[in-house]
Amino acid sequence: PQKRDFVDYEKRQFGGLMVSKLKELFKKKDIDSILIRSLPGDVGASFSYFSGLPFGLLENNFFILRPGSKPLVVRTVLDPEVKSKALRVRTVKRRKDMKTLLEKELKGKRIGLNKASYPFSSFQLLKKVLPKRRFVDVSNELYGIRSVKKPWEISRIAKAAKITQR
């Protein structure tokens with residue numbers, strides 16, 4: 001499997017404004033963890049944005065944010081290997097292992113979820129797997145955080161615009 005190292009993740013993703021916005025989100029919604037799922041063709045793209053991983057690299061996987069804990073990517077054995085100093089990465093082989101890992105890593109009772117891009121059947125399964133958790137929709141807040149562009153993002157957008165004007 002292909003290995004990728006995303007060493008600039010913490011500087012790029014969790015520096016400054018994003019950290020304060022995520023802290024506000026945890027407090028405003030009174031949530032203990034945020035669970036973001038990557039789905040094939042996810043138009044929301046929150047998994048890629050918050051994990052710092054390339055769009056489409058991992059599909060049907062989870063990204064977990066918790067205050068005071070390094071972000072966690074939960075991937076299956078079928079996906080490309082991910083190596084990162086800024087992320088914890090756990091690999092699961094079976095559905096049972098995924099359930100056990102989610103139970104362990106999703107601390108607290110209230111879990112923020114990007115419900116807008118979550119299929120109904122997947123949400124029902126999640127509620128069945130984690131019956132003691134209450135899921136709170138944080139889709140709009142995640143989108144709001146993503147909509148504020150950082151200087152490095154603006155420079156990439158400008159570069160892309162120049163390339164397409166040629």
Side-chain angles (χ1 to χ4, degrees), residues 1-91 102 105-106 110-120 122-123 126 135-166:
Q2 181 181 8
K3 286 188 177 187
R4 296 184 182 225
D5 192 5
F6 302 94
V7 293
D8 69 334
Y9 174 80
E10 195 163 75
K11 178 181 173 189
R12 183 168 66 89
Q13 294 300 100
F14 283 95
L17 182 63
M18 187 181 291
V19 170
S20 65
K21 293 289 184 186
L22 284 169
K23 284 180 182 178
E24 284 176 30
L25 173 56
F26 277 95
K27 188 176 180 178
K28 175 184 171 188
K29 292 287 192 167
D30 189 29
I31 53 177
D32 304 298
S33 303
I34 295 175
L35 178 65
I36 299 173
R37 184 165 178 201
S38 66
L39 296 162
D42 179 13
V43 294
S46 286
F47 183 93
S48 178
Y49 185 84
F50 288 101
S51 71
L53 300 173
F55 184 78
L57 176 68
L58 300 176
E59 293 187 346
N60 287 317
N61 295 277
F62 293 96
F63 182 65
I64 299 172
L65 289 165
R66 283 191 346 236
S69 179
K70 194 182 267 194
L72 172 65
V73 171
V74 182
R75 63 177 279 279
T76 67
V77 293
L78 302 175
D79 289 300
E81 190 173 332
V82 175
K83 178 183 161 191
S84 173
K85 293 177 183 174
L87 298 171
R88 294 181 299 140
V89 180
R90 300 287 183 268
T91 303
L102 290 175
E105 292 291 340
L106 289 170
R110 294 175 51 89
I111 310 300
L113 191 71
N114 59 331
K115 270 188 177 177
S117 60
Y118 224 89
F120 180 76
S122 295
F123 180 61
L126 188 62
F135 296 96
V136 178
D137 188 8
V138 295
S139 302
N140 289 335
E141 289 80 3
L142 294 177
Y143 180 77
I145 293 169
R146 287 181 31 225
S147 67
V148 177
K149 300 301 177 205
K150 293 166 223 44
W152 69 267
E153 290 175 301
I154 293 169
S155 83
R156 282 191 180 172
I157 291 167
K159 183 178 179 181
K162 283 182 184 178
I163 291 170
T164 59
Q165 286 177 347
R166 293 182 190 167

Give, for atom [atom1] of [X] and atom [atom2] of [Y], the distance between the pair rounded to the nearest 0.5 Å.
X: Phe123; Y: Asp137; atom1: CZ; atom2: CG; answer: 8.5 Å
X: Lys115; Y: Phe135; atom1: NZ; atom2: CZ; answer: 9.0 Å
X: Asp30; Y: Arg110; atom1: CG; atom2: CZ; answer: 5.0 Å

Heavy-atom closest pair, residues [X] and [Y]:
X: Leu142; Y: Ser46; answer: CB-OG, 4.1 Å
X: Val136; Y: Lys29; answer: CG1-CD, 4.0 Å
X: Asp32; Y: Pro67; answer: O-CD, 3.5 Å
X: Val74; Y: Asn61; answer: O-CB, 3.1 Å
X: Ser139; Y: Asn114; answer: OG-C, 3.2 Å
X: Val89; Y: Arg75; answer: CG1-CD, 3.9 Å

Are the side chains of [X] and [Y] in touch, meaning some heavy atoms are under 4.5 Å apart?
X: Leu126; Y: Leu113; result: yes
X: Glu105; Y: Arg66; result: yes
X: Phe50; Y: Ile34; result: no
X: Phe63; Y: Ser38; result: no

Salt bridge (Lys or Arg N to Asp or Glu O under 4.0 Å) involving Lys162 - partner list, sequence neighbours excluded: none
Counting distance only, does the side-chain N/O of Arg88 pair as donor-acceptor with the main-chain N or O of Ser69 below 3.5 Å? no
